[in-house]
Enquirer: 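I have a structure I would like to understand better, so I am pasting it below and will then ask my questions one at a time.
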Amino acid sequence: MHVLILGSGVIGTTVAYYLAQAGHEVTVIDRQPAPALETSYANAGEVSPGYSAPWAGPGVPLKAIKWLLMQHSPLVIKPMLDPAMWRWGLSMLCNCTQARYEINKGRMVRLAEYSRDCLKQLRADTGIRYDERALGTLQLFRTQKQFEGSAKDIRILEAYRVPHQLLDRDGCIEYEPALAAVRHKFVGGLRLPGDETGDCFKFTQALARLAEAAGVRFRFGIAITDIGHDASGVTAVHTDAGLVHADRYVVALGSYSPQLMRPLGIRLPVYPVKGFSITLSIGDAAGAPESTVMDETFKVAVTRLGERIRVGGTAQLSGYDLALDDRRRDTLEHVVTDLFPQGGSVKGAEFWTGLRPMTPDGTPILGATPIARLLLATGHGTLGWTMAAGTGRVMADLIGGRRPEIDMEGLGVARYA
Ligand SMILES: Cc1cc2nc3c(=O)[nH]c(=O)nc-3n(C[C@H](O)[C@H](O)[C@H](O)COP(=O)(O)OP(=O)(O)OC[C@H]3O[C@@H](n4cnc5c(N)ncnc54)[C@H](O)[C@@H]3O)c2cc1C
């Protein structure tokens, strides 16, 4: 079967790889000159099934008001006359109940845990390297209130049987020795030993090379303009380089997926949630993080990626604008210099922004659509890197007519009907 993948971010590329492994003929189209040059380029690097949870949860609306008033706020909203933004925001609010949170979290954990296992298998099968580390992640609490508040999260982790350790100051320093220099700045942390880290861009580029060696054809520098269809289903994909035909079409266009779906009568509740990162070279290795340290106060993740430190965070609602804002850079610099003052200099750091393709319930949208031959692999929001390998695997299973190894309940677009 010939499968056309629309988009070569981490999701499209991973789907292509697994499809090629299953023996399909695969073509990938992307407007960029290479894979992973948009949202998959410089994310925070966490492969974190342990933190797989929707942003919409009980108490979040109140917290959001508090965050909006902070100097280094994790949340920025630029109100716009964009109906999609307001619809998405309202739908997110509706997901802030305990009952919805549990349903959404359950779906996300199911995919994320499976994805981490697929990634391990993929590493074993291919020897792929991407500055990966399997040293867990540490959520750092600056206040006693945060430390005590973690009891709620721990109950959830226990319910989902996610291994975890609640650590005092010394416990945190045992896993992240560089924090000894700033021990007065935090009270403890919650460690998830099953989480991993790695460079999503390096992974996607390396996987694309493996996919290419397995026969996948990548066509770069081509903009997709439309999906042609009639009563029988999709007929072709329209691009600025002409029509492309296939037997199946997979939309993996990240935040840009809804635009192409709307003319087909499918309203995807995927909205861009802008985030920022800086990447700096490590100065003194002993002053750098070992893995990911997630600063709970500012919701900023500081991750070791080989000889570099990646600092990522902020959720900004401002449509598709990709402007770099120095105030967001200040927040990232503040966190890394505050916790890892010897880690490296922020002066020459690479500043980047990307648009998380977020659904209001936090769960991605995978699988068939009401249009024949058209499938979706989008809406991975804050956790696309975490969920990529599992997504690739289940999409290849669905397209190949095999039953995926995880239950697909609640992962498809039908849940919004
Ligand atoms: C600051 C930040 C930190 C993050 N941290 C983490 C983390 O620690 N862990 C984690 O798991 N996730 C994290 N994420 C989320 C993760 O990066 C995303 O979920 C993931 O990259 C989405 O991948 P994607 O392939 O769906 O989208 P993309 O990477 O955006 O890929 C979509 C592709 O489609 C192409 N495209 C779009 N429109 C067209 C068109 N019309 N024609 C042709 N091509 C088109 C684009 O060029 C692009 O290559 C973070 C995100 C941000 C912004």
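Order of appearance sets the numbers: ligands from 1, and atoms from 1 within every ligand.
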Enquirer: Can a donor-acceptor pair be found between the side chains of E350 and Y41 at a distance below 3.5 Å?
Expert: yes

Enquirer: V10 heavy atoms, cut-off 4.0 Å: which ligand 1 atoms fall inside?
Expert: 23 (O), 25 (O)

Enquirer: Select one of side chain, backbone, both or neither to describe which atoms of A44 lie under 4.0 Å from any atom of ligand 1, heavy atoms only.
Expert: both

Enquirer: Does even one non-hydrogen atom of T303 get within less than 4.0 Å of ligand 1?
Expert: no

Enquirer: What part of Y256, side chain from CB on, backbone N/CA/C/O, both or neither, has a heavy atom under 4.0 Å from ligand 1?
Expert: side chain

Enquirer: What is the minimum heavy-atom distance between L140 and C172, and which atoms define it?
Expert: CD1-SG, 4.2 Å

Enquirer: Would R31 pass as a cation-pi partner of Y256, given that its NZ or CZ must be under 6.0 Å from the six-membered ring centre and within 45 degrees of the axis?
Expert: yes

Enquirer: Is the closest basic N to carboxylate O distance between R217 and E25 below 4.0 Å?
Expert: no

Enquirer: Please say whether the positively charged group of R329, taken as NZ for Lys or CZ for Arg, lies over the ring of F276, i.e. under 6.0 angstrom from the six-membered ring centre and within 45 degrees of the axis.
Expert: no

Enquirer: Below 4.0 angstrom from a heavy atom of W385, which ligand 1 atoms are there? Numbered from 1 as shown, please.
Expert: 10 (C), 11 (O), 12 (N)

Enquirer: Between T303 and T292, does any side-chain donor sit less than 3.5 Å from a side-chain acceptor?
Expert: yes

Enquirer: In terms of side-chain geometry, is the basic nitrogen of R304 or D131 positioned less than 4.0 Å from the acidic oxygen of its partner?
Expert: no

Enquirer: For atom 4 (C) of ligand 1, which of N43, V15, V28 has the closest heavy atom?
Expert: N43

Enquirer: Within a distance under 4.0 Å of any heavy atom of Q32, pick out the atoms of ligand 1 and give their elements.
Expert: 47 (O)

Enquirer: For V47, which part has a heavy atom under 4.0 Å from ligand 1: side chain, backbone, both, or neither?
Expert: neither

Enquirer: Can you report which non-hydrogen protein atom sits closest to atom 2 (C) of ligand 1, along with the distance?
Expert: R356 NH2, 3.8 Å

Enquirer: For ligand 1, which part of T378 has a heavy atom less than 4.0 Å away: the side chain, the backbone, both, or neither?
Expert: neither

Enquirer: Could you walk me through whether R123 and E196 satisfy the salt bridge (charged side-chain N to carboxylate O under 4.0 Å, His left out) test, starting with their C-alpha distance in whole Å, then the side-chain angles of each, then the deciding distance to 0.1 Å, before giving a yes or no?
Expert: CA-CA 13 Å; R123 269 203 308 266; E196 301 189 352; 2.8 Å; yes

Enquirer: Do NZ/NE/NH1/NH2 and the carboxylate oxygens of D397 and R393 come within less than 4.0 Å?
Expert: yes

Enquirer: Identify the closest protein heavy atom to atom 36 (N) of ligand 1: which residue and atom is it, and at what distance?
Expert: L253 CD2, 3.5 Å

Enquirer: Is G381 near ligand 1, meaning one of its heavy atoms is under 4.0 Å from it?
Expert: yes

Enquirer: Can you report which non-hydrogen protein atom sits closest to atom 33 (C) of ligand 1, along with the distance?
Expert: D30 OD2, 3.4 Å

Enquirer: Show which atoms of ligand 1 fall inside a sub-4.0 Å distance from at least one heavy-atom site of L383.
Expert: 10 (C), 11 (O), 12 (N)

Enquirer: Indicate yes or no: does D195 engage R133 in a salt bridge with an N to O separation below 4.0 Å.
Expert: no

Enquirer: Report the part of F276 (side chain from C-beta onward, or backbone N, CA, C, O) that has a heavy atom under 4.0 Å from ligand 1; answer both or neither where that applies.
Expert: backbone

Enquirer: Quick one: which ligand 1 atoms are inside 4.0 Å of a heavy atom on A223?
Expert: 42 (N)

Enquirer: Checking a contact table here: which protein heavy atom is nearest atom 43 (C) of ligand 1, and how many Å away?
Expert: R31 N, 3.3 Å

Enquirer: Please assess E113 against R116 for the test salt bridge (charged side-chain N to carboxylate O under 4.0 Å, His left out), listing each intermediate value before the final yes or no.
Expert: CA-CA 5 Å; E113 291 270 336; R116 197 247 335 268; 2.9 Å; yes

Enquirer: Would you mind listing which atoms of ligand 1 come within a distance below 4.0 Å of any non-hydrogen atom of T386?
Expert: 9 (N), 10 (C), 11 (O)

Enquirer: Report, one line per pair, each donor and acceptor closer than 3.5 Å where one atom sits in a side chain of residues 375-385; sequence neighbours left out.
Expert:
unit_1, atom_1, unit_2, atom_2, d
T378, OG1, G254, O, 3.2
T378, OG1, S257, OG, 2.9
H380, NE2, T391, OG1, 2.9
W385, NE1, G198, O, 2.9

Enquirer: Yes or no on salt bridge (charged side-chain N to carboxylate O under 4.0 Å, His left out) for R219 and D30, after CA distance, side-chain angles and deciding distance?
Expert: CA-CA 7 Å; R219 297 181 62 193; D30 200 289; over 6 Å; no

Enquirer: Answer side chain, backbone, both or neither: which part of A252 comes under 4.0 Å from ligand 1, heavy atoms only.
Expert: backbone

Enquirer: Is a donor from one side chain sitting under 3.5 angstrom from an acceptor on the other, for D117 and Q121?
Expert: no

Enquirer: G7 heavy atoms, cut-off 4.0 Å: which ligand 1 atoms fall inside?
Expert: 33 (C), 34 (O)

Enquirer: For atom 23 (O) of ligand 1, which candidate among G384, G9, S40 provides the closest heavy atom?
Expert: S40

Enquirer: Is it true that Q316 and S318 share a donor-acceptor pair across their side chains at a distance under 3.5 Å?
Expert: yes

Enquirer: What do you reckon, does G45 put a non-hydrogen atom under 4.0 Å from ligand 1?
Expert: yes

Enquirer: To which protein heavy atom is atom 25 (O) of ligand 1 closest, and what is the distance rounded to 0.1 Å?
Expert: I11 N, 3.1 Å

Enquirer: Need the ligand 1 atom indices (1-based, order shown) with element for anything under 4.0 Å from a heavy-atom of G354.
Expert: 53 (C)

Enquirer: Going by distance alone, is a donor N or O of one side chain under 3.5 Å from an acceptor N or O of the other, for Y175 and Q165?
Expert: yes

Enquirer: Looking only at protein heavy atoms, which one is nearest to atom 27 (O) of ligand 1, and how far off is it?
Expert: G254 CA, 3.6 Å

Enquirer: Closest non-hydrogen protein atom to atom 8 (O) of ligand 1, residue and atom name please, with distance?
Expert: E46 N, 2.9 Å

Enquirer: Note the single closest protein heavy atom to atom 10 (C) of ligand 1, along with its residue, its atom name and the distance in Å.
Expert: T382 O, 3.3 Å

